[in-house]
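Scroll down for the structure; my scribbles are underneath it.
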Amino acid sequence: MTLQAATPPSTPRVDFIEPARLGVQLIEHLQDADGAYPASPSFSAYAGYSWFRDGAFIADAMSAAGSTDSAERFFSWCAAVLEAREARIEAIIAAARAGAPVADHEMLGTRFTFAGEEGSDDWWDFQLDGYGTWLWAAGQHVRRHGGDPTPWRRAIELTVDYLIASWERPCFDWWEEHAEHVHVSTLGCIAAGLREAASIGVLDAERIELARSAEAAILERIHRDGVVDGHLSKWIGSREVDASLAAVVGLLDVVPATSELGLATIAAVRGELAVDDGVHRYLADTFYGGGQWPLLSCFLGIAESRAGNTAAAEALFSWAASTATESGDLPEQVRTHVLAPDRFDEWVERWGTVATPLLWSHAMLVRLAVELGVELGAGAGAGAGAGAGR
Ligand code: BGC
């Protein structure tokens with residue numbers, strides 16, 4: 001099903017700098033003293049928690065914008081969460097190596113309280129992608145700014161071993177759904193994480209070798225089983241597309257944006273899921289009626305930019321920026337076009353109005369701005385230092 005043909009509009013003058021600057025400031029302001037990034041400060045279901053996935057993408061945006069201290073404080077928070085679970089992680093790895101993997105509920109969670117605890121609220125917790133994504137973001141940061149990853153060494157080792165032992169397992173996807181499937185974007189996050197971990201000089205030769213062969217096996221799995229009709233698929237065996245795949249092609253660079261598969265995936269995400277540059281998660285989405293997500297427009301924008309389609313990327317930025325409230329806050333999603341209008345109210349009754357601000361939305365706008373060449377260094381936020389750069 002095609003919602004709209006790809007027609008990048010002729011771009012009016014867009015202010016790329018101010019919304020990105022505001023985003024950096026907001027994120028710096030809301031970051032917890034111990035480094036955690038709140039997903040959304042006051043939204044009922046997210047308040048008090050920091051996600052590895054959201055946080056890693058936020059840290060990457062802050063790093064790219066020159067807020068190196070903010071990014072490093074998040075990586076140190078991740079490292080502390082992991083080191084505090086060293087014995088448990090080693091037991092998970094040992095069980096997997098012995099051919100008797102632990103149950104899903106015994107695997108690591110996807111989010112933690114700012115103090116690094118599991119918290120007492122139920123969540124769809126077993127998700128592997130964030131463990132790849134934090135490795136990827138930390139690696140990108142080290143490569144971008146030449147920092148020293150040594151303080152995070154043990155946490156990186158534990159994560160690499162955990163992912164090598166677990167990547168083939170089905171788990172919940174980015175959207176806390178379909179724990180019975182192996183999701184292609186999850187595989188992409190893990191492959192990107194292993195690639196980065198192996199290339200920043202923090203692991204011993206044996207682990208580098210293991211990380212590289214696991215990355216190669218994941219890439220082989222993606223290319224062999226994760227492609228349908230010439231583009232990446234939502235999960236192994238699915239015929240659908242999911243907007244999270246734009247990250248695999250663009251920002252994570254697991255499938256190059258300019259490759260045949262990359263271009264076809266961009267076209268599929270755009271053709272199936274974008275309406276007027278607002279991007280849906282997937283066609284069957286009913287969460288808050290299945291609206292359009294600014295952060296996904298930004299992921300698609302980064303992919304378009306890397307494919308050489310700057311005008312398309314700018315139009316996606318423009319749409320994402322246009323979803324800001326009067327006070328400049330970006331929501332998780334907007335109702336400009338909804339896939340399941342009769343499913344909106346039930347979520348408002350359950351969790352209240354849509355999460356706003358969502359730090360991940362702000363971060364992706366920042367990251368797309370940097371991708372488009374915007375310099376955010378001077379005065380971007382209180383702690384901003386060096387100029388922007390990939
Ligand atoms: C989304 C996740 C996200 C979380 C926090 C959930 O509704 O499905 O992808 O990590 O919110 O932002």
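Atoms within each ligand, like the ligands themselves, are counted from 1 in listed order.
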Inset, instruction - Would you check the N or O atoms of Trp175, main chain and side chain alike, for any that come under 3.5 Å of an N or O of ligand 1? - result: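 The answer is no, given that Trp175 and ligand 1 share no N or O pair closer than 3.5 Å.
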Inset, instruction - Please confirm whether Arg53 comes within less than 3.5 Å of ligand 1 when only nitrogen or oxygen atoms on both sides are compared. - result: yes
Could you see which bit of [X] sits under 4.0 Å from ligand 1, with heavy atoms only: side chain, backbone, both or neither?
| X | result |
| --- | --- |
| Trp174 | backbone |
| Glu332 | side chain |
| Thr110 | neither |

Inset, instruction - Examine ligand 1 and decide if any of its atoms is less than 4.0 Å from a heavy atom belonging to Arg281. - result: yes
Inset, instruction - Determine whether Leu203 and Val160 make a side-chain contact, defined as any pair of heavy atoms from C-beta on separated by less than 4.5 Å. - result: yes
Inset, instruction - Go through ligand 1 atom by atom and flag the ones less than 4.0 Å from a non-hydrogen atom of Leu358. - result: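 It comes down to these atoms of ligand 1: 12 (O).
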Legend entry - Proximal atoms of ligand 1 relative to Trp360 (non-hydrogen, under 4.0 Å): 9 (O)
Do the side chains of [X] and [Y] get close enough for a salt bridge, i.e. N-O under 4.0 angstrom?
| X | Y | value |
| --- | --- | --- |
| Glu118 | Arg111 | no |
| Asp173 | Arg281 | no |
| Arg221 | Glu168 | no |
| Arg88 | Glu106 | no |

Inset, instruction - Answer with yes or no after comparing the ring centroid distance for Trp293 and Trp175 against a 6.0 Å cut-off, counting only values under it. - result: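 That pair passes the under 6.0 Å test.
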When you measure from [atom] to every protein heavy atom, which one gives the shortest distance, and what is it?
| atom | value |
| --- | --- |
| atom 8 (O) of ligand 1 | Glu176 OE1, 2.8 Å |
| atom 7 (O) of ligand 1 | Tyr46 OH, 2.4 Å |
| atom 12 (O) of ligand 1 | Asp54 OD2, 2.6 Å |

Inset, instruction - Could you check whether the rings of His178 and His183 sit parallel, tilted or perpendicular, using 30° and 60° as the cut-offs? - result: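 Rings of His178 and His183: tilted, as their planes differ by 30° to 60°.
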